[in-house]
Amino acid sequence: MGTTAAGLLLLSQPVGTGNQLAMSLAAMAAMIVLWLFLDGPRTRFVFLAMGSLVVLRYILWRVTSTLPSPADPVSFGFGLLLLVGELYCVFILFVSLIINADPLRRPPPPAAPAGDLPSVDVFVPTYNEDAAILAMTLAAARQMSYPPEKLTIWLLDDGGTDQKCADPDPRKAEAARRRRAALTALCADHGARYLTRERNLHAKAGNLNNGLAQATGEIVVVFDADHVPFRSFLRETIGYFAQDPRLFLVQTPHAFLNPDPIERNLRTFERMPSENEMFYAVTQRGLDKWNGSFFCGSAALLRREALDEAGGFSGITITEDCETAFELHARGWTSAYVDKPLIAGLQPDTLADFIGQRSRWCQGMFQILLLKNPAFQTGLKPIQKLAYLSSMTFWFFPVPRLIFMFAPLLHIFFDLKIFVASVDESIAYTATYIVINLMMQNYVYGKFRWPFVSELYEYIQGLYLSKAIVSVMVSPRKPTFKVTNKGANLDHDHLSSLALPFFAVYALLFAGCAVAAWRYLFEPGVTNLMLVVGLWNFFNLLTAGAALGVCAERRQRERTPSLPIDRRGVLTLGGRAVDVAIERVSAEACTLRLPSGHLVPGAGHRAMAGALTVVPVPGARPGGALPVTLDRVARTGDEATCHLRFGTLRPQDYTALAGLMYGDAEAMRRFQLRRRRHKDILSGTLQFVWWGLVEPLRALRYALAGEGPPVAVDPAPAPVFDEPDPAPATLPGPPLDPPVRHPEPVRAALVPAEAEASSDWVRLMLEFENERVLAAERGRRTSTV
């Protein structure tokens, strides 16, 4: 304690601008040495401690030396607002470092004899999801590796309630009755129980509690309707409950088959970790260390005894998942987080649906903060209070993000001095703070979040979530649960319906850059401070430009999302059976590889009906043959890559398809690990600049072209675009499988015409380290064909 006090006292001593710059540069150099040449938990703490000292020095200087004089109330007011935004960001930074400095990685649970395993009820709540989505989820849940006599699958239908079946609108009532009948038959086909209720009270929480009233299992598993479990889900998770009698929750990550709108429109899904991976791969593990990992609404197991003690799933707010965990943690129950992707789900396809989903999360977390403030919640340990506060106050990000976006315009247009500092001071304090902040974030999150991508996500959400925050502040109990739409049909390029505000902000920032340049170059008396503020505004312009690329919605490349797999099977075609390697599969089609000489005559020239039988994973029962139609073949040397369509699936076909697509959870893990290559600050910055410069042109082209004619969507699973696996030395766990091979003719046939060329010199520069590995991999393939 004394050492800490002495350090803070030393930290507060005033130094000259030159000395501050020298200290910051020395700290930066020492951090680089630690980063490059040393590794381990102690190095990690020293690295973060050195960076934190520079951040604290900056904040001390900001608070004491940079505010405008109160004699100028307008400048002082805006300057104070900017400072509050910065203090919020520093608070979030330090809290995240505390939570995530040493994330916990749990060892696998011990296996238990079948007779000792608890009974399990699987809840699949649904509202308006398509029957085909539900069929796949139910079929995969039924195939989970668990004693069937101890496993009960429930379809909890809120779209066919008595209330909806008696709707005053006859069309709506008839639709609800047809849905109830169809889903009842669907459950009978897949060995599940159909359950609905009288009224749609308390949304998803009420639906789950209705399931609790009927079910009797010791453990409750919750899967969203579009979250399909892999076969090993229960085998990898159920054992933790035997280790801790007070364990109420085992949460697993949400992994997705399809890109979100940012990933699809910027074409990053195959090469950049998804936004949610930083939360699930780092933050949830960090929270787990402090018994603060919380229920995320799906892909989780909960102890029935704990839920009964709390009166079921909490439904005061619209985020029933976090609220339920919050209540049970306060009652002394514990949670566990398992960092293994054991489900595959769907993300919102359109920007509007994405914003709608995030608005619900934002409003729900603020509801908990206002109605059940963790700081005053009895039963929580101080570190748990901090953990929940960090998760809830994070959603305040739209306010500071918009402050930072528009603050430089006050100086450019109105000459307001909201940040009083010389250029030398700005370099010594602000510039070094920004660089070291980037270094700390890249050090902790570099494999899971590219530089400046967080800023992009926050800005895109911020324009619309600000309204959601205000509505909750005004009336905390008013927000209602809204189901997120998924599976939207994006068959042509177009601008999002939410694009107009993004264009307006971009135009304003562009004008700000033009005015700043003119004033700096031609207006007498303008100092170098205008140059600094102009550069700040230019960075904001790049962020807004990248956001325009997100608003320019690209058509979907495949009708149903697919997953790269590594399975074996037997293809029967034209009376001939041949062994095949199945490389990619979706709910509608698959691609497989086999020797060219084993194809029957005429294959690829005309559609041919056949059957595909899949070799089951160890321990699984053999599934039936899938009826397929061969409609495309690409030959490369002695190998042929075939595209097969499944057509209309019967109930038993869903069972076979679920066994193929969701039999091996390592398929999803391999896909995620392929994207987790550390992105350094320089290449990440260049990539961000490229988006900011180029994407506005594409958005403008979409705006001028209008909606355009629909383009046929290829139902084929899109190939993996030759993304090589990262070096095993940089990844945890066992070595990965070799990259999936896809002959060049298939790539050419399935890549959209508007795709960016991989030979583009800018992309080669931005992705040099990735392309160098790719070139070496292609060279090896060419030499072996």
Side-chain angles (χ1 to χ4, degrees), residues 136 139-140 143 228 230-232 257 270 344 558-574 576-600 603-604 608-636 638-647 649 652-671 674 714-723 725 736-743 745-747 749-750:
M136 184 69 80
Q143 290 189 68
V228 186
F230 286 95
R231 174 175 166 77
S232 59
L257 293 172
E270 297 285 347
E558 51 184 4
R559 194 160 51 210
T560 55
S562 60
L563 178 68
I565 61 174
D566 182 15
R567 300 290 299 276
R568 298 293 180 269
V570 177
L571 174 64
T572 303
L573 202 66
R576 180 186 301 179
V578 59
D579 293 334
V580 296
I582 308 168
E583 296 185 331
R584 200 168 185 97
V585 62
S586 74
E588 293 186 346
C590 70
T591 55
L592 50 81
R593 183 165 39 87
L594 72 162
S596 295
H598 291 185
L599 282 172
V600 299
M608 301 182 68
L612 177 65
T613 304
V614 181
V615 177
V617 296
R621 295 189 301 271
L626 281 165
V628 296
T629 300
L630 176 78
D631 63 0
R632 192 157 62 244
V633 176
R635 293 175 173 85
T636 303
D638 295 332
E639 287 188 334
T641 298
C642 302
H643 170 259
L644 306 177
R645 287 183 289 105
F646 296 134
L649 297 176
Q652 63 268 31
D653 296 333
Y654 280 103
T655 301
L657 182 55
L660 169 62
M661 195 167 180
Y662 302 101
D664 179 18
E666 284 299 302
M668 178 59 73
R669 179 173 177 269
R670 288 192 298 268
F671 173 67
R674 270 198 295 270
D714 196 328
V720 176
F721 296 130
D722 293 316
E723 288 286 336
D725 290 335
L736 302 179
D737 290 348
V740 178
R741 300 180 62 185
H742 290 277
V746 176
R747 287 187 59 198
L750 298 183

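Residue numbers start at 1 and run along the sequence shown. The basis for the numbers below is simple: all heavy atoms, side chains too, and nothing from hydrogens, waters or symmetry mates.
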Please report the interatomic distance [atom1]([X]) to [atom2]([Y]), rounded to the nearest 0.5 Å.
| X | Y | atom1 | atom2 | value |
| --- | --- | --- | --- | --- |
| H643 | L592 | NE2 | CG | 10.0 Å |
| T629 | M608 | OG1 | CE | 10.5 Å |
| R632 | T641 | CZ | OG1 | 11.0 Å |
| E666 | F230 | CD | CZ | 10.0 Å |
| D638 | S596 | CG | OG | 6.5 Å |
| C590 | L563 | SG | CG | 12.5 Å |

Just one of L594, I582, V628, V580 clears the side-chain contact (heavy atoms from CB on, under 4.5 Å) bar with C642, so which one?
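Only one of L594, I582, V628, V580 forms a side-chain contact (heavy atoms from CB on, under 4.5 Å) with C642, namely L594.
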
Output, in order, the C-alpha distance, side-chain angles, deciding distance and verdict of side-chain contact (heavy atoms from CB on, under 4.5 Å) for L626 and L660.
CA-CA 10 Å; L626 281 165; L660 169 62; 4.3 Å; yes

So which heavy atom on [X] is nearest to which on [Y], and how close?
| X | Y | result |
| --- | --- | --- |
| T572 | A577 | OG1-CB, 4.0 Å |
| A140 | V228 | CB-CG1, 3.3 Å |
| A658 | Q143 | CB-NE2, 3.3 Å |
| S586 | F646 | O-CE1, 3.4 Å |
| A667 | I565 | CB-CG2, 4.0 Å |
| T560 | A587 | OG1-N, 3.9 Å |

Just do the side-chain contact (heavy atoms from CB on, under 4.5 Å) check on E270 and F671 with the steps written out, would you?
CA-CA 8 Å; E270 297 285 347; F671 173 67; 3.7 Å; yes

Partners passing side chain to side chain donor-acceptor pair (under 3.5 Å) against D653 (at least two apart in sequence or in another chain)
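D653: side chain to side chain donor-acceptor pair (under 3.5 Å) contacts with R650.
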
Name all residues meeting the side-chain contact (heavy atoms from CB on, under 4.5 Å) criterion together with S232; count only those two or more places apart in sequence or in a different chain, and write none if there are none.
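S232: side-chain contact (heavy atoms from CB on, under 4.5 Å) contacts with R235, E236, L342, A665.
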
side-chain contact (heavy atoms from CB on, under 4.5 Å) between M668 and Y662: does it pass, once the steps are laid out?
CA-CA 9 Å; M668 178 59 73; Y662 302 101; over 6 Å; no

R645 with E588: basic N within carboxylate O range, under 4.0 Å
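Between E588 and R645 there is no salt bridge, as every charged N stays at least 4.0 Å from the carboxylate O atoms.
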
Between [X] and [Y], is any pair of side-chain heavy atoms under 4.5 Å apart?
| X | Y | result |
| --- | --- | --- |
| R635 | L599 | yes |
| R567 | V614 | yes |
| M661 | L257 | yes |
| L612 | V570 | no |

Are S562 and R584 close enough that a side-chain donor and a side-chain acceptor fall under 3.5 Å?
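On atom types as modelled, these side chains qualify, holding a pair under 3.5 Å.
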
Before giving the answer on side-chain contact (heavy atoms from CB on, under 4.5 Å), spell out for D664 and R670 the whole-Å C-alpha distance, their side-chain angles and the decisive distance to 0.1 Å.
CA-CA 11 Å; D664 179 18; R670 288 192 298 268; 3.9 Å; yes

Strictly distance-based, threshold 3.5 Å: is any side-chain N or O of R593 a donor or acceptor partner for the main-chain N or O of A640?
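Looks like no, no N/O pair under 3.5 Å.
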
Could you tell me which residues satisfy salt bridge (Lys or Arg N to Asp or Glu O under 4.0 Å) with R568, sequence neighbours excluded, listed by chain and number?
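Residues passing salt bridge (Lys or Arg N to Asp or Glu O under 4.0 Å) with R568: D566.
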
